[in-house]
Number of protein chains: 2
Amino acid sequence: MSGSEIRRTMPLFPIGIVMQLTDLTARQIRYYEEHQLISPARTEGNRRMFSLNDIDLLLEIKDLIDQGVNLAGIKQLFSSKEKQVVTEEMQKEAKKVRRELSDDELRKILRSELTQAGRFNRSSLRQGDMSRFFKS
Amino acid sequence: MSGSEIRRTMPLFPIGIVMQLTDLTARQIRYYEEHQLISPARTEGNRRMFSLNDIDLLLEIKDLIDQGVNLAGIKQLFSSKEKQVVTEEMQKEAKKVRRELSDDELRKILRSELTQAGRFNRSSLRQGDMSRFFKS
DNA sequence: TTTTTATGTTACAAAACCTAACATGGTGTT
DNA sequence: AACACCATGTTAGGTTTTGTAACATAAAAA
């Protein structure tokens, strides 16, 4: 785990501070936890302790609630955003690999990109896509 | 405009057929139009006529409604999905690039994909079983 | 045409979701 | 102990979504 990740997940704030930071009531914060949009840590005395990540999530929740999105919708948006992060990271990786290719290969790819431009197809990562690289 | 796009946007079905195709009530369909999740065409006599695209949208709406997402949430998901489609397109393109690479380079990418997948979807892939394919 | 069926709009009510308000009791500090 | 802070539960009220009904118009069938 990286240092910044530790900093972002370290339990730091009691609920009173979080109320001030987010402009949410304690009731709201507990309600969002009850519905598993956040998972703050607990002290030995059962007090909630919130990390910076929790604060970020709560601010996003607040935004979406203000736009009328309900908790089920926020849950969906959060999980679809994780996928987005994944694809963005893959995209970064693909770019890196591409940088290591020869000009010749690059031209081939570029040409296929152009011919495929404007095509939107549903595709997700499946294990089957990788199976040919593994022996069973 | 491409031929398939014309086919997908051509007004074809009256609301009665759409009810059967989607298992939604007329009331629901009209309500979703009222809140601008769909925009079916109209005949001269003011009847709604739905395209294949409209049907797809309604099926997605139905799915999300079944999961408890409200209309504001669906609206957000639809607009965030446009971005998602773009990244999926890039992902698909990344796959194509990958196909043209040596297996050695491929394993590098694959490993980064697996660590990403493991971060969010621990149950679907067992990273441990595959680690023997990668050099540390 | 006349009759029947499908669809349009509007209004009212029920159910579910989210928040606020309050009560009761636990935790921690001084 | 006194006091502030926090946890949990209950109740009530506003909003969103859907069902239902009433009535008008369009399209199809007779």
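This is a predicted model, so every value here is computed, not measured. Order of the sequence lines fixes the chain letters, A, B, ..., with proteins taken first and strands second; residue numbering starts at 1 for each chain.
- Near DNA chain D, meaning a heavy atom under 4.0 Å from it, residues 30-37 of chain B has B:Y31, B:Y32 in order of number.
- Direction change of the helix axis from one end of the helix from C:dT1-D:dA30 to C:dT30-D:dA1 to the other is 20°, with five pairs defining each end axis (rounded to 10°).
- Judged by distance alone, with hydrogens and angles left aside, the side-chain atoms of B:D54 form no donor-acceptor pair with the main-chain N or O of B:I38 at under 3.5 Å.
- Note that CD of B:Q76 is 13.0 Å distant from CD of A:Q76, once rounded to the nearest 0.5 Å.
- Remark: A:G45, A:R47 in residues 44-62 of chain A come within less than 4.0 Å of DNA chain C through at least one heavy atom.
- Within residues 8-27 of chain B, the residues having any heavy atom closer than 4.0 Å to DNA chain C are, in order of number, B:P14, B:I15, B:G16, B:R27.
- Within residues 67-79 of chain A, the residues approached by DNA chain C to less than 4.0 Å at the level of any non-hydrogen atom are A:N70, A:L71, in residue-number order.
- Of the possible donor and acceptor atoms, none in the side chain of A:D66 sits under 3.5 Å from a partner among the backbone N and O of A:D63.
- Protein chain B contacts DNA chain C from C:dA6 to C:dA11, reading 5' to 3' and using non-hydrogen atoms of the protein with a distance under 4.0 Å.
- One hydrophobic cluster, built from ILVMFWY side chains closer than 4.5 Å, holds both B:I61 and B:I55.
- For the side-chain contact (heavy atoms from CB on, under 4.5 Å) test with B:L37, the passing option among B:L58, B:L64, B:I74 is B:I74; the others fail.
- Per the geometry, CD1 belonging to B:I65 stands 10 Å off C1' belonging to D:dT16, to the nearest Å.
- Annotation for B:Q36: atom CD does not count as buried by contact number, only 12 or fewer foreign heavy atoms lying within 6.0 Å.
- Residues in residues 16-33 of chain A take part in these salt bridge (Lys or Arg N to Asp or Glu O under 4.0 Å) pairs, two or more places apart or across chains: A:E33-A:R42, A:E33-A:R48.
- Criterion: ILVMFWY side-chain heavy atoms under 4.5 Å apart, direct or through other members. Under it, B:L12 and B:M49 are not part of a common hydrophobic cluster.
- Of all heavy-atom pairs between A:P14 and A:F50, the closest is C-CD1, 4.2 Å.
- The ring pair (Phe, Tyr, Trp, His ring centres under 6.0 Å) contacts involving residues 10-33 of chain B comprise B:Y31-B:H35, where partners must be two or more places apart or lie in separate chains.
- For the pair A:T43 and A:Q28, nearest-nucleotide mapping onto DNA chain C gives the more 5' position to A:Q28.
- The salt bridge (Lys or Arg N to Asp or Glu O under 4.0 Å) test applied to B:R7 returns no partner, not counting sequence neighbours.
- For A:T22, there are no side chain to side chain donor-acceptor pair (under 3.5 Å) partners two or more places apart in sequence or in a different chain.
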Requested in this report: Decide yes or no on side-chain contact (heavy atoms from CB on, under 4.5 Å) for B:I65 and B:L71, but give the supporting numbers first.
Outcome: CA-CA 8 Å; B:I65 289 283; B:L71 299 203; 3.9 Å; yes
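- A continuous path of Ile, Leu, Val, Met, Phe, Trp and Tyr side chains, each step under 4.5 Å between heavy atoms, connects A:I29 with A:L21, placing both in one hydrophobic cluster.
- Take A:K81 and apply the salt bridge (Lys or Arg N to Asp or Glu O under 4.0 Å) test, not counting sequence neighbours, and it matches A:E60.
- In terms of the side chain to side chain donor-acceptor pair (under 3.5 Å) criterion, residue partners of B:D56 (sequence neighbours excluded) are, by chain and number, B:R8.
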Stepwise side-chain contact (heavy atoms from CB on, under 4.5 Å) test for A:L57 and A:F78
CA-CA 9 Å; A:L57 285 174; A:F78 279 3; 3.6 Å; yes
